[in-house]
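For ligands, and for the atoms within them, numbers begin at 1 and follow the listed sequence.
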Amino acid sequence: MTTIKQLSDHQDEIVTLKGWLYNIRSSKAIHFLEVRDGSGLCQAIVAADDVSDKVFEAAGTLKQESSLEITGKVVKDDRSIGGYELHATDLKIVQIAENYPITPKEHGIEFLMNNRHLWLRSRRQWAAMRVRNEIVFAIHTFFQGRGFMQLDSPIFTGNAAEGSTTLFETDYFEEKAYLAQTGQLYGEAMAMAHGLIYTFGPTFRAEKSKTRRHLTEFWMIEPEMAYYDLEMNMDLAEDMIKAIVKTVLEKCDDELDILERNTSVLEKVAVQPFERMTYSQAVEKLISDETASMLDKMAEERKQELEDITKESEEIKKEHGSAKKWRKTQIDQRIKEISVRIDQIEEDLRNIPSWKESARNFEWGNDFGGSDETVLMMQFDVPLIVTHWPAEIKAFYMKRDETDKLALGMDILAPEGYGEIVGGSQREDDLATLEKRINEEGLEKEVFEWYLDLRRYGSVPHSGYGLGLERTVAWICGLTHVRETIPFPRMLGRLRP
Ligand code: 4AD
Ligand code: MG
């Protein structure tokens with residue numbers, strides 16, 4: 001058995017592919033099969049002249065997603081998907097599929113989400129999952145290459161670390177337990193044992209809001225480093241993101257192509273220094289005239305684009321009636337694209353006035369909302385690291401600056417409007433200060449005793465951060481919603497499949 005990914009090593013040889021039928025077009029003497037096998041997609045040509053009558057007839061009965069084994073000669077053809085096609089000599093049907101619910105026509109998002117177990121086979125979804133895999137591998141490679149240990153933190157926990165509002169409570173043999181919102185506190189203990197560690201695991205937050213960046217179950221990568229200050233923390237995170245982006249650019253060009261990702265920004269991110277500013281500077285930028293006029297300009301551009309593609313859509317719809325079959329398929333595809341884009345533009349046009357208002361009236365001391373991050377990050381081509389946050393809006397464990405007003409936290413916001421993908425900080429390492437903080441926040445001191453021990457026995461300056469995997473995948477793939485970045489997303493109102 002050969003895989004589609006390996007076809008380039010088998011030019012002019014006879015190979016057998018085992019896979020599924022993605023699509024079929026037929027003329028009198030030829031069936032054009034688009035076959036997928038998990039590793040890729042390729043066109044197989046079943047010509048009446050090259051196969052037995054029985055095989056030719058059988059090919060004509062295939063329906064979308066039927067499983068099959070196909071044997072044939074590998075022929076180089078630059079116009080073909082993947083650069084190679086298969087000239088079939090034999091075909092074995094494994095199963096003729098029932099009528100497949102996801103057809104090449106347009107489907108609504110609820111329908112697709114309800115069929116997520118099948119939707120995963122579609123090309124864009126397939127490509128996004130492959131990028132996710134590459135990102136995961138790049139993260140491990142990055143940390144392992146720098147001498148970090150990967151260690152796991154527990155999922156059942158006895159305390160909240162990121163505020164109590166988003167806890168999932170469970171019954172742990174008649175005791176209350178919470179699903180971990182973060183592995184950080186345990187990561188700190190492990191860093192005191194091993195110096196440099198990272199956790200890589202699922203985290204849970206009862207997020208009651210339906211947004212394009214919130215899941216209730218998401219994967220977080222949390223490095224924790226003994227003897228690192230805020231500056232070193234930022235440098236590490238920047239290097240890590242660059243390494244991830246570089247790897248994806250190197251290894252996933254087919255996938256990025258399928259996702260129609262404009263890679264020019266990613267290429268910049270891979271090499272250019274990230275922007276860095278304090279929270280106060282970021283607020284200034286957000287409320288500036290510059291930001292307001294950027295939004296005005298954006299609204300104008302969107303209106304123009306809407307006009308242009310509406311016109312295009314009308315024209316090709318007219319052409320459709322008399323078009324040849326291949327052209328009809330092309331037009332259907334384009335109409336589908338246009339309709340998705342129109343939805344996006346209309347959403348932007350609805351949003352822009354409130355974005356503008358929210359940015360304009362932003363008050364120092366508040367946390368950035370999703371739209372504030374979007375507006376800020378539409379103005380950057382590389383990630384922005386925001387430091388020195390108002391202590392009140394950040395977690396109890398963050399170290400503060402000399403004024404005691406600002407937390408030595410750092411968030412990294414992704415460009416192109418994506419917003420926060422990393423949250424981190426230098427940690428408070430002084431016992432008395434941390435005890436005071438826990439007291440002020442009304443946290444139960446007893447459950448944090450073990451954490452306080454880390455400040456009793458050889459406390460050192462240390463830092464760490466958490467990278468949200470799904471938000472990172474969304475940004476790198478250019479996806480508008482995190483629901484397409486994880487095989488089976490869990491969100492408000494979504495528990496199945
Ligand atoms: O900023 P957060 O809350 O930071 C922490 O949990 C720290 N304890 C991390 C640390 O210092 N070790 O979350 C970190 C990242 C966010 O920047 C975001 O990318 C992601 O986790 N994240 C979510 N992703 C998807 N859905 C959600 N509901 C998320 N909440 C946070
Ligand atoms: Mg955060």
T166: which of E207, R205, Q181 passes side chain to side chain donor-acceptor pair (under 3.5 Å): Q181
Measure the distance from [atom] to every protein heavy atom, then report the residue, atom name and distance (to 0.1 Å) of the closest one.
| atom | answer |
| --- | --- |
| atom 6 (O) of ligand 1 | R205 NH2, 2.8 Å |
| atom 4 (O) of ligand 1 | G423 O, 4.0 Å |
| atom 5 (C) of ligand 1 | E162 OE2, 3.4 Å |
| atom 17 (O) of ligand 1 | E420 OE2, 2.6 Å |
| atom 14 (C) of ligand 1 | M220 SD, 3.3 Å |
| atom 18 (C) of ligand 1 | R471 NH1, 3.6 Å |
| atom 12 (N) of ligand 1 | E222 OE1, 2.6 Å |

Which option wins on minimum heavy-atom distance to atom 15 (C) of ligand 1: G466, S425, A474?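 The option holding the nearest heavy atom is G466.
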With a 4.0 Å cut-off on heavy atoms, is R427 touching ligand 1?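 Judged by the 4.0 Å heavy-atom criterion, R427 does count as contacting ligand 1.
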With a cutoff of 4.0 Å, is E207 in contact with ligand 1, counting heavy atoms of the residue only?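 Flag set, E207 near ligand 1.
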Parallel, tilted or perpendicular: which one describes the rings of F143 and F148, with boundaries at 30° and 60°?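 F143 vs F148 ring planes: tilted.
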Would you please classify the geometry between the F448 ring and the Y451 ring as parallel, tilted or perpendicular, with 30° and 60° separating the classes? perpendicular
Numbering as shown, the atoms of ligand 1 that approach V422 to under 4.0 Å (heavy-atom distance):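 Under 4.0 Å from V422, ligand 1 has these atoms: 17 (O).
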Has E420 got an N, O or S atom lying less than 2.8 Å from the Mg ion (ligand 2)?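 Yes, E420 qualifies, because one of its backbone or side-chain N, O or S atoms lies under 2.8 Å.
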Centroid separation Y172 to F156 less than 6.0 Å: yes
Run the ring-centre check on H117 versus F488 and record whether the distance is less than 6.0 Å.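 Not close enough - the centres of the two rings lie 6.0 Å or further apart.
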